[in-house]
Amino acid sequence: MSFLKNMFGTSDGGEKVSKIGWRPLTDLGQLNEIIDSSVEKPLLIFKHSTRCGVSRMVLSQFENEFDAEQKITPYFLDLLVHRDISNAIAERFGVMHQSPQLIVIKDGKAVYNTSHSDIDGGNLPSF
């Protein structure tokens with residue numbers, strides 16, 4: 001997928017491989033799936049601005065710290081391309097829009113959200 005290449009590319013033109021099995025969030029209909037799936041297993045949504053250096057730095061740090069073995073399904077939202085989905089997330093889950101932002105959904109509700117330098121992939125609460 002080209003958006004993954006753009007997201008994880010390196011400055012020397014090589015590709016950085018993410019250890020996180022990101023699921024791209026690209027359609028409003030996926031929010032219903034996320035709500036339904038979150039009853040069985042918590043999900044996280046990482047909202048990222050591809051034009052923001054802070055967001056890129058936080059994403060990189062999150063990926064380095066995140067334990068891919070956690071029982072949480074990770075979704076990635078390019079909010080510049082999908083601002084409508086970002087707005088729907090804010091409305092459906094009652095979470096003010098920020099970027100970068102990490103939101104955890106469990107039982108159809110936002111149970112955790114944080115942004116900017118407070119995003120820490122190695123220190124997510126247990127759900």
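FYI, the numbering just counts along the sequence from 1. Only heavy atoms go into these numbers, but all of them, side chains included; no hydrogens, no water, no symmetry mates.
Using a distance-only test at 3.5 Å, with no hydrogens or angles considered, no donor-acceptor pair links the side chain of E40 to the main chain of S37. In this structure, the side chain of S38 engages the main chain of G108 through a donor-acceptor pair within 3.5 Å.
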Do I20 and F76 pass the side chain to side chain contact (heavy atoms under 4.5 Å, CB included) test, and can you show the C-alpha distance, the side-chain angles, and the key distance before you say yes or no?
-> CA-CA 10 Å; I20 300 177; F76 179 87; over 6 Å; no
For the pair R92 and N32, evaluate side-chain hydrogen bond (donor to acceptor under 3.5 Å, both in side chains) and give the outcome as yes or no after the intermediate values.
-> CA-CA 10 Å; R92 284 194 186 187; N32 292 329; 2.8 Å; yes
Check the pair S115 / Q101 against side-chain hydrogen bond (donor to acceptor under 3.5 Å, both in side chains), numbers first and verdict last.
-> CA-CA 4 Å; S115 67; Q101 184 174 32; over 6 Å; no
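Atom NZ of K41 is surrounded by more than 12 heavy atoms from other residues, nucleotides or ligands within 6.0 Å. Residue E91 qualifies as open at atom CD: its count of foreign heavy atoms under 6.0 Å is 12 or below.
Annotation for S99 and H116: closest pair O-NE2, 2.9 Å, computed over non-hydrogen atoms. In this structure, A110 and I103 approach most closely via the heavy-atom pair CB-CG2, 4.0 Å. Between H97 and S86, the shortest heavy-atom contact is ND1-OG, 3.0 Å. Annotation for I72 and P74: closest pair O-CD, 3.4 Å, computed over non-hydrogen atoms. Nearest approach of W22 to E63, heavy atoms of both residues: NE1-OE2, 2.8 Å. Taking each heavy atom of T50 and D78 in turn, the nearest pair found is CG2-OD2, 3.5 Å.
With values rounded to the nearest 0.5 angstrom, H82 atom NE2 is found 8.5 Å from Q30 atom CD. Distance check: I89 CD1 to M96 CE gives 14.5 Å after rounding to the nearest 0.5 Å. One distance of note links CZ of R23 with CG of L77; it measures 15.5 Å at 0.5 Å rounding. Between T114 atom OG1 and I119 atom CD1 the span is 6.0 Å, to the nearest 0.5 Å. Taking CG of L79 as the reference point, atom NE2 of H48 lies at 8.5 Å (rounded to 0.5 Å). Note that OH of Y75 and OG1 of T26 are 10.5 Å apart. Values are rounded to the nearest 0.5 Å.
No single ILVMFWY cluster, assembled from side-chain heavy atoms under 4.5 Å apart, contains both L28 and V81. Note on V54 and L59: same hydrophobic cluster, where clusters join Ile, Leu, Val, Met, Phe, Trp and Tyr whose side-chain heavy atoms are under 4.5 Å apart, directly or indirectly.
Side chains of I105 and V111 form no contact here, defined as non-hydrogen atoms less than 4.5 Å apart.
Note: F62 and F46 have tilted aromatic rings, judged against thresholds of 30 and 60 degrees for the angle between ring planes.
Here the options are V95, L44, L102, I45, the test is side chain to side chain contact (heavy atoms under 4.5 Å, CB included), and the partner is N113; only V95 passes.
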